[in-house]
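Shown next, in structure tokens, is the structure this report addresses.
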Amino acid sequence: MKHELAVAASILNRVKLPKISNEVTELQNESLKPDPDVNVIARCINRNPKLFTKFLAVASFISKKEIGTARQAVDILGTKGVFSIFFSSAIEFSFTSKGDSEIIVNHAIKIATAMAELSSKLKNVKVSDAYLYGLLYNVGYIVLSQFAPERYKPCYLASLMTPSECNKKELEAFKTTSAYIGVYVAKKWHVKNSVYSGILFQQTDIKKCPEGKNQAYELINLLNIARMVVSETEDARYVTDEVRSSAIQSMQRLGINNQHYIRAQKVVKELGKELRSIPEEVLGNEEILLAMQ
């Protein structure tokens, strides 16, 4: 692992990540204080008008309530919840301008949406955390798409259709994995431990923490279900036996029933009207797609 992490750090150092707004850092610092100042938080959120608009849309979706002001968001979601959502909004706002980043982020937004909707049925997972994890779980591919625009595509396709094989493909192609790169991105942005662990161990049959102190188990299982939800909304173009069986197993583990699943699918379909599906030029030719099914 030491060598793979070193290679991941080297690749990340050679790619220029989009800059997350300064308001995110300021809001994070304030939210971590024992007694956060709500007025400071509200000023951070209001400072960037375009980002504020994105934040209100995401906050309203997460809370299932119409949110129109920063102060209202704090009252409904709390300071920690507001930060997670503001951070999520900043990621969506920033990662949409270079190469395949927009396409990868669009897919991640759908995954995040499905995870948020599914997590609302779980007592011990914050909807805002599930949404943030859905946006970040594959952030390593954004880095790889800039580092090697053509070589990353077979690996990304494997992550959609046969996730158990993507680590092997990535190690062969890059001597590291998208998860290791994603961990460095998460560390750089100081995301919480559960999201950090979920990125690192997303291809592992991780066990549930008995004391409930780390929600990586829940997040990874939500991801397995969300993959199936999203793939079915994109004309089932990359539904495989592996994706299907993983989703069914994770639904059983988390107690997610078919009604919850169908509701998440409807929400993602509605969102999908505004987001592009992954086009063939990113996935590769149809022969590769069919061979993996």
Side-chain angles (χ1 to χ4, degrees), residues 18-96 105 108-137 139 185-199 212-216 218-219 222 263-264 267 270-271 274:
K19 182 176 174 58
I20 299 296
S21 69
N22 294 330
E23 289 83 7
V24 171
T25 301
E26 187 175 345
L27 179 55
Q28 182 183 46
N29 291 338
E30 188 63 34
S31 68
L32 291 175
K33 292 179 180 180
D35 187 21
D37 188 328
V38 175
N39 292 321
V40 172
I41 291 174
R43 284 199 299 270
C44 289
I45 295 172
N46 282 311
R47 193 176 300 158
N48 186 324
K50 291 183 179 179
L51 181 53
F52 177 61
T53 300
K54 169 65 73 174
F55 166 78
L56 290 180
V58 176
S60 297
F61 165 70
I62 295 294
S63 66
K64 305 295 185 186
K65 297 178 181 179
E66 191 65 32
I67 294 179
T69 67
R71 188 58 183 262
Q72 186 181 10
V74 175
D75 291 340
I76 293 174
L77 299 162
T79 55
K80 298 293 192 299
V82 162
F83 171 70
S84 292
I85 294 171
F86 192 70
F87 187 23
S88 299
S89 305
I91 292 170
E92 292 186 31
F93 186 73
S94 302
F95 277 101
T96 55
V105 170
I109 293 171
K110 292 180 182 180
I111 290 286
T113 300
M115 289 186 63
E117 184 61 34
L118 292 165
S119 69
S120 66
K121 312 304 177 185
L122 305 179
K123 293 181 179 180
N124 60 338
V125 178
K126 290 183 178 180
V127 176
S128 57
D129 289 349
Y131 191 87
L132 178 59
Y133 176 74
L135 286 176
L136 286 178
Y137 87 96
V139 70
V185 175
K187 184 177 181 181
K188 181 177 181 180
W189 289 341
H190 307 291
V191 302
K192 59 173 56 180
N193 288 340
S194 58
V195 174
Y196 184 106
S197 299
I199 294 171
K213 293 182 178 179
N214 191 325
Q215 296 175 345
E218 286 82 3
L219 292 175
L222 284 170
R263 172 60 185 167
V267 172
E270 184 64 27
L271 175 77
E274 300 178 6

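Numbers here simply count residues along the sequence, with the first being 1. Below, each value reflects all heavy atoms present in this structure, side chains not excepted, and no hydrogens, waters or symmetry copies.
The two residues S63 and I76 make their nearest non-hydrogen contact at CB-CG2, 3.9 Å. Counting all heavy atoms, side chain and backbone alike, L77 lies closest to I85 at CD1-CD1, 3.4 Å. Between I67 and A59, the closest heavy-atom pair is CD1-O, 3.8 Å. Summarising the geometry of S194 relative to L219, their closest heavy-atom pair is O-CD1, 3.8 Å, with the distance given to 0.1 Å. Closest heavy-atom contact between I62 and S128: CG2-N, 4.1 Å. The shortest heavy-atom contact between A130 and L222 is CB-CD1, 4.4 Å.
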Just list the side-chain donor-acceptor pairs under 3.5 Å for residues 40-47, sequence neighbours left out, or say none.
unit_1 : atom_1 : unit_2 : atom_2 : d
N46    : ND2    : A42    : O      : 2.9
R47    : NH1    : E26    : OE1    : 2.8
R47    : NH2    : E26    : OE1    : 3.4
R47    : NH2    : E26    : OE2    : 3.4

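Side chains of I199 and V185 form no contact here, defined as non-hydrogen atoms less than 4.5 Å apart. Side-chain contact between L27 and F87 is absent, with no heavy-atom pair separated by less than 4.5 Å. Residues K64 and E117 have side chains in contact (heavy-atom distance under 4.5 Å, counting atoms from C-beta outward). With a 4.5 Å cut-off on side-chain heavy atoms, T113 and F61 count as touching. With a 4.5 Å cut-off on side-chain heavy atoms, V195 and Q215 do not count as touching.
With rounding to the nearest 0.5 angstrom, the CG atom of L122 is 7.5 Å from the CD atom of E218.
Note on residues 22-52: no pairs pass ring pair (Phe, Tyr, Trp, His ring centres under 6.0 Å), not counting sequence neighbours.
Note on ring orientation: taking the six-membered ring where Trp is involved, the planes of Y137 and Y133 are tilted (angle from 30° to 60°).
Residues passing the ring pair (Phe, Tyr, Trp, His ring centres under 6.0 Å) test with F55 are F86, sequence neighbours excluded.
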